[in-house]
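Some notes on the structure that comes next.
Computed from a predicted model, the values in this text were never measured in an experiment. Numbers restart at 1 for each chain; the letters A, B, ... are given by sequence-line order, proteins then strands.
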Amino acid sequence: KREAPAAGTSSDGGAKPLRIAVIPKGTTHEFWKSVHAGAVKASRELGVEIVWKGPLKEDDLKQQIDLVQSFTAQGVSGIVLAPLNDKALVSSVKAATGAKIPVVIFDSDLASEDHVSFVATDNRSAGKLGCAHLAKKVKDKGGAVVLRYQEGSASTNHREEGCLEALKAEGVKILSDNQYGGATTETAHKASESLLLAQGATEGKVAGVFTPNESTTFGMLRAVEKANLSGKLGFVGFDASDKLVAGVEGGAIEGLVLQDPFNMGYLAVKTMVQHLKGEKVEKRIDTGSKLVTKANMNEPDMKQLLRPELDQWLK
Amino acid sequence: MKKLWRAPWFGPLCAVLAVYVLFALLAPDTFPRTANVLTMARQTVIVSLAAIGMTLVMIQGGIDLSVGSTVALTTVIVARALDGGSGPWAAAASGVALGACVGAINGLLVTGLCLLPFIVTLGSMSALRGAAKGLANEQKVDADPKGLDSLMALPGGAQGGFLLPTGVWVALALAVVFAIFLAYTRPGRHVVAVGSNLETARLCGVPVGRITLMVYVIAGGLAGLAGVMEFSTLTVGDPTDSIGLELEVIAAVVIGGASLSGGRGSIAGALCGALLLTEIKTGSTHVGLPNWVQEILTGAIILVAMALDQWRERGKGAG
Amino acid sequence: MKKLWRAPWFGPLCAVLAVYVLFALLAPDTFPRTANVLTMARQTVIVSLAAIGMTLVMIQGGIDLSVGSTVALTTVIVARALDGGSGPWAAAASGVALGACVGAINGLLVTGLCLLPFIVTLGSMSALRGAAKGLANEQKVDADPKGLDSLMALPGGAQGGFLLPTGVWVALALAVVFAIFLAYTRPGRHVVAVGSNLETARLCGVPVGRITLMVYVIAGGLAGLAGVMEFSTLTVGDPTDSIGLELEVIAAVVIGGASLSGGRGSIAGALCGALLLTEIKTGSTHVGLPNWVQEILTGAIILVAMALDQWRERGKGAG
Amino acid sequence: MAEVADPRLEIRGLEKSFGGTRALSAVDLSIAPGEVHALLGENGAGKSTLTRIVSGVFAADAGSMRLDGKPHAPRSPAEARRAGIAIVHQEPAICPHLSVAENVVLGAEPARFGWVDRARVRAEAGRALALVAPELSPDAASSSLGPAEVQLVTLARALAQTDCRLLILDEPTASLAAPEVERLFEVVRRLASTGIAIVYISHFLEEVERIADRFSVLCDGRQVGSGAIAGTPATRLVELMTGQTLEARRRREPRTGGEVVLSARDLAGTRLPVSASFELRKGEVLGIAGLVGSGRTELLRAIFGLDRVTRGELRVRAELGPASPGRRLAQGVGLSSEDRKREGLAEALSVAENLTLSKLPAWVRPARQASAARRLIERLGIKTAGPDQPVRALSGGNQQKVALGRLLHHEVDVALLDEPTRGIDVKSRADVYAIIDELASQGKAVLVVSSHFPELLAICDRIAVMHRGRLAAATPVAELTEHRLMLDAAGVG
Ligand SMILES: Nc1ncnc2c1ncn2[C@@H]1O[C@H](COP(=O)(O)OP(=O)(O)OP(=O)(O)O)[C@@H](O)[C@H]1O
Ligand SMILES: Nc1ncnc2c1ncn2[C@@H]1O[C@H](COP(=O)(O)OP(=O)(O)OP(=O)(O)O)[C@@H](O)[C@H]1O
Ligand SMILES: [Mg+2]
Ligand SMILES: [Mg+2]
């Protein structure tokens, strides 16, 4: 019977395999599926057990804190966490490290020094990357619209800000940047429909659209298709899923900014294991971002990003 | 004229018109356009369908918290059915049937075990959400809509056509059907009687259990249909869809004149309530109000509309 | 003994114990550990505080949908206050005062304009959420907690200490205070009388309006306090916090024996209800159940617990 | 015990308990077609329980019933109804969201393939209403009906049942006045003559003697006697019910009141009363007579601050000022409502809570509450399992006693009593009268509204008659007769 929470962290591996809790921000978005797959890949390669558990409702801060506390109380070997807020999880993470449970942060940063490493994409430059492309496309055709994701979500906020910077730098007029899509696909869809109508997209008053994550991009994609605007306006989204990739193929989406979630999940778990085995790890690990367009989508590395082989890992 | 003034849906209808005028003045270029009105109508379909069922349930004296989960589960079922090779009609029918089954289970728990409807549907709300996620492997389920998406599309695909999408017609037709059902049929009047005074209804020989069960089955079936419409809109089965829908639906029904203690309620009123909520949301986007202002506005409009309605109701006694 | 069996909170308490035993058997290494029990106690504080107020409101015959928004608004206010240089106590006090003000507004709208509590608090739920977002500039508000975070921290910061965090003691003390208030004071009995039969209470000289107002002010103040605890947990002011909290709180209160039509309810029961929900959530994590299984389980446990309780209640008449 | 040759309803050895309370034990009863059978007994004797078993609300614990020779064991009210049993329950209740006509036909709406035939609903309801309440419109909303009208609607509901073989009336006249009672009797006689058997429950022995053919008496759930009404003197009936003889009430000396404690000048409410002036003195009992709907209840409500006063002046002792129930109670004025279900009692709360609600100390001590309640239970002879029993479980008459008991607990100086003896049995009624006498002799003032004129004549010092919202001047009771009151109330004096 195991009695002390620190027992699992002993570097010799012992009789029990390492048990690592991986806490995403949510579980249903495609993005997190890829992270999950990457984490599973790492766990199989490295022979550790992972427990994958996110908040029931996407972006439920309180519940994520509860989860970190629960795993701390359970005494897992380590926690890999994508914090929903950079401040709110500080004390829970401190408590975990205090209980000799190391923490690796991924996807979004945490305002603390307690964690072992931070494994993530640079969201601001990812937003810039997407909107620099968008700006080139729409420069002389008209203004652009940014549909935000949700109040208080730091990573998407950085993308939105990065995007707005890039658009302004090119002198593109911002028609609207204060509307939010909300947590689920259907709220994002309704908001997109209204926004397009409100800005007169059907009369061609909107030249470009940016959305900062999967749910807003999907909601906007359906709205664009319904309004028969496919290909008529420049639309840059974020993250990938089958329907979104089909949107790029069909021309409704000009480009998708992709992070490498699979790699992120993989690296996060791998970093944790390395740390647990006593190896030295980098404080900041960048997982990079790329822009996929119809032109480059068939290149091999893009293909791997677009259609990660998840089934192999998640079945 | 006086009869109109006294109808329970008169207040909510006035609110809908007043808010329409308000936003038409604030955003004259975009808000009053046909395309926008059509979009609002379409966006109200899902809440409206669920609200018709909820009106029946609430008139009967119950409540149904499981609508949101039922809608989500239905989108998943429809997607899985289509994926598994069903035709569009079979998939839609299986969605509606699923909803009706869910309603039957709710109804049986309420009547058979004498549990509070709030508790029963709270339990099924959670259980169905879990079932939806499990069935969908916790991700969105893609499926070729095989034409089901046309339910919520504008006919002819054209912007600004004057014809409404099929889904809107379906919702309107069902609203009329169930309003007639409530007002002119024996089971319908029994629903009102049970909600008005359950004991008296039982003593007078109304089959209270059967009426209760019926009401939940209808509500479940309509939630299933709302799920089909949701699938038609999104063309994916989304297990996290419609979280919090129950509150929006109940709000629409209560704004439409229902009370939480049964006996009162109006389908026309509930539709107006649903439309009011959509209008405020869309209107705020058109005026370009930030979300937080929109939320304050929504609260304020609900309160003002209901306060005016209350004042009118009180006037009734004296009139 | 018989008295215990008949207490309204007996059923929920049994459910809490049964579920505890269940998970202790399923996850014997981790679930029954002191650290975990302490964590669960701490995680229940916020719902518990709100549930004490909601119990009063529901016994009085009302409902308060605005608790979630009030909690979110309070976290923002506390953060802004701390940021603006207030001391921790002043910030906490301003949070509670804000909650009480919100409650007073709700109460005045209910009594003054004779609006349904559901409508009033639906309106304020939306408006307060908007206000929170506006006040927070649609972002999380960072602030140095200046020691406020210790409210919800384990004393001594040590894992596995036997002492509970201050917040838990506060919640327990308030539960006792308000249970005594309900059972043994004149205003407390008046709350029960109003919920049981408003007309009779009026006839017996109960100041119905004042009682109603009082109940909402207390509920608002407790929601404010819950917000302070939430801030202490999060250490940021989060305007999108606690969406859907109202449903969880109402669920806890109803599981604890309250009815939506007033006159019934128990604070001890509501705490058990809150604890039950936390236990299921935490227990599923410990057993490593996927989210969707957990949700199905939650629904099933609620239904089974309530069905057994109902069966016990029915036995009462015969006992 | 006289046996009937071909009984319509035959009951053998019926038993029923609620938890520890035995409501019925081994009751036998047989009722012939065309007979009006009076079911008598004190409050809580088990009369309503018996009718509820016959009409399928509860199942009996033991015993058997036969209807026209066939076994009768209805599992639901609907089944009893289909078997031909029509019943008016003691606590009349309607669905307030349905119209009067819909309430009358509820459960048996004329319908074709599920479609309600509205014309026939109106016609059938109209026909039934014409029998007992010709002035009630079938189209009226039923949410604003007073208790008397509600009672009439439930009567009409029972009468509208066409295939009726057995009609049960549980205290149908408790809230009715003389004209309605006469109309009801006419209908009952006619139905009996067509061969319908009728069970008639009432605490008014005069009524029973006029309408019933035979009687059965229940005492503590046991059947203690039955026989033909003709030839059984009322004193014998009382003796069977209570086990003791009740001496006839002496007519006491007229009291002359002291100073004025409550006075109204030209008082008017929103709709009713139209104009009311009176003076109530210390140590006197003032009665208000009138027909159903004349506005007596509204007068009391206006005095008590429950309804708005639109004109006129109201003084409690010398004080003017705004009225609210709280203020009135503080002034020592208490009201007992005619509608105990809606506003008289909190049914889910215990007997003790209901008795003490209007006068709670800042710190409520349940033990003291219970002992205060016990004293009142004793004084009023309330039949209950204990102070903790919910009022809901009490029989109708005992509930009424709880409602009255509250005023005694509050020790009011001015008691406003609206139909105070509604549903109370013969003996308890005498007790209530004695209590009212006692209050008056202690220098308290009592204002009594009653539709039962003999009652007013027996307990009041002066009586004022209300007609269409106008209150006439009060007359000393010595100068009044029942006939006189009747004429004045009808406005034909
Ligand atoms: N639901 C119940 N639960 C417990 N006890 C009950 C219930 N209903 C009736 N009783 C008890 O059964 C006994 C008989 O009551 P019942 O109502 O039949 O009396 P009754 O003869 O109709 O009296 P009344 O003249 O006052 O109407 C009473 O002691 C009453 O307290
Ligand atoms: N706003 C209204 N519209 C129509 N009818 C009303 C309204 N308010 C009251 N009534 C009816 O008028 C009647 C007024 O009679 P009230 O109850 O004052 O008379 P009462 O002499 O006390 O009769 P009862 O013997 O029924 O107590 C009530 O029974 C009620 O149904
Ligand atoms: Mg009775
Ligand atoms: Mg009256």
Side-chain angles (χ1 to χ4, degrees), chain B residues 61 63 65-66 69 109 112-120 122-138 239 243-244 246-247 250-251 254-255 258-262 280 290-307 309-311 313-314, chain C residues 61 63 65-66 69 109 112-120 122-138 239 243-244 246-247 250-251 254-255 258-262 280 290-307 309-311 313-314:
Chain B
I63 197 159
L65 299 179
S66 68
S69 302
L109 287 170
L113 297 183
C114 297
L115 292 177
L116 290 178
F118 187 91
I119 291 278
V120 168
L122 182 75
S124 55
M125 166 177 155
S126 179
L128 294 171
R129 177 70 64 185
K133 288 185 183 169
L135 210 74
N137 285 331
E138 306 200 287
I243 290 176
E246 58 284 347
L247 204 61
I250 295 173
V254 174
I255 290 174
S259 100
L260 288 178
S261 47
I280 300 176
N291 263 24
W292 64 273
V293 178
Q294 165 184 341
E295 286 181 289
I296 294 182
L297 198 68
T298 308
I301 290 180
I302 290 177
L303 282 176
V304 170
M306 291 299 102
D309 197 40
Q310 179 63 28
W311 166 81
E313 288 273 333
R314 248 188 273 168
Chain C
I63 197 160
L65 299 178
S66 67
S69 302
L109 287 170
L113 297 183
C114 297
L115 292 177
L116 290 179
F118 188 92
I119 292 278
V120 167
L122 182 75
S124 55
M125 167 177 154
S126 179
L128 294 172
R129 178 69 64 188
K133 288 183 183 171
L135 210 71
N137 284 331
E138 310 197 293
I243 291 174
E246 58 284 346
L247 205 60
I250 296 172
V254 174
I255 290 174
S259 100
L260 287 179
S261 46
I280 300 176
N291 277 351
W292 64 274
V293 178
Q294 167 183 345
E295 285 182 291
I296 294 182
L297 198 67
T298 306
I301 290 181
I302 291 177
L303 284 175
V304 170
M306 291 299 102
D309 196 41
Q310 178 65 28
W311 166 81
E313 289 273 333
R314 248 188 273 168

- Which region of Leu260(B), side chain (C-beta onward) or backbone (N, CA, C, O), has a non-hydrogen atom less than 4.5 Å from a non-hydrogen atom of chain C, or is it both or neither? side chain
- Which atoms of Leu135(B) approach chain C - backbone, side chain, both or neither, heavy atom under 4.5 Å: neither
- Note on the structure: Highest number of heavy-atom pairs under 4.5 Å with chain B among Thr298(C), Ile63(C), Ile301(C), Ile243(C) belongs to Thr298(C)
- Task: Any pair with a residue in residues 123-135 of chain C that passes side chain to side chain donor-acceptor pair (under 3.5 Å), sequence neighbours left out, goes on the list, sorted by first then second residue, please.
- Result: Glu151(A)-Lys133(C), Glu295(B)-Lys133(C), Asn106(C)-Ser124(C)
- Query: For Val293(B), is it the side chain, the backbone, both, or neither that has a heavy atom closer than 4.5 Å to a heavy atom of chain C?
  - Reply: neither
- Task: Take Leu303(B) and Leu109(C), measure what side-chain contact (heavy atoms from CB on, under 4.5 Å) needs, and give me the verdict at the end.
- Result: CA-CA 9 Å; Leu303(B) 282 176; Leu109(C) 287 170; 3.9 Å; yes
- Between Ala127(C), Gly123(C), Ser261(C), which has the largest tally of heavy atom pairs under 4.5 Å with chain B? Ala127(C)
- Ranking Ile302(B), Leu65(B), Leu128(B), Ile119(B) by heavy-atom pairs under 4.5 Å to chain C gives rank one to Ile119(B)
- Enter the distance from Met306(C):CE to Leu115(B):CG here, rounded to the nearest 0.5 Å. 8.5 Å
- Counterpart residues, side-chain hydrogen bond (donor to acceptor under 3.5 Å, both in side chains), relative to Asn291(B) (two or more places apart): none
- Note on the structure: If one checks every heavy atom of Gln294(C) against chain B at 4.5 Å, the contacting part turns out to be neither
- How close do Ala251(C) and Leu122(B) get, heavy atom to heavy atom, and via which atoms? CB-CD2, 3.2 Å
- Item | Shortest non-hydrogen separation from Leu247(C) to Met125(B) and the atoms involved | CD2-CE, 3.2 Å
- Task: Under 4.5 Å, counting heavy-atom pairs only, tell me which of Val254(C), Leu297(C), Ile255(C) racks up the most with chain B.
- Result: Val254(C)
- Item | Contact summary for Leu113(C) and Ala307(B), nearest pair of heavy atoms | CD1-CB, 4.0 Å
- When the 4.5 angstrom heavy-atom criterion is applied to Leu116(B) and chain C, the contacting part is side chain
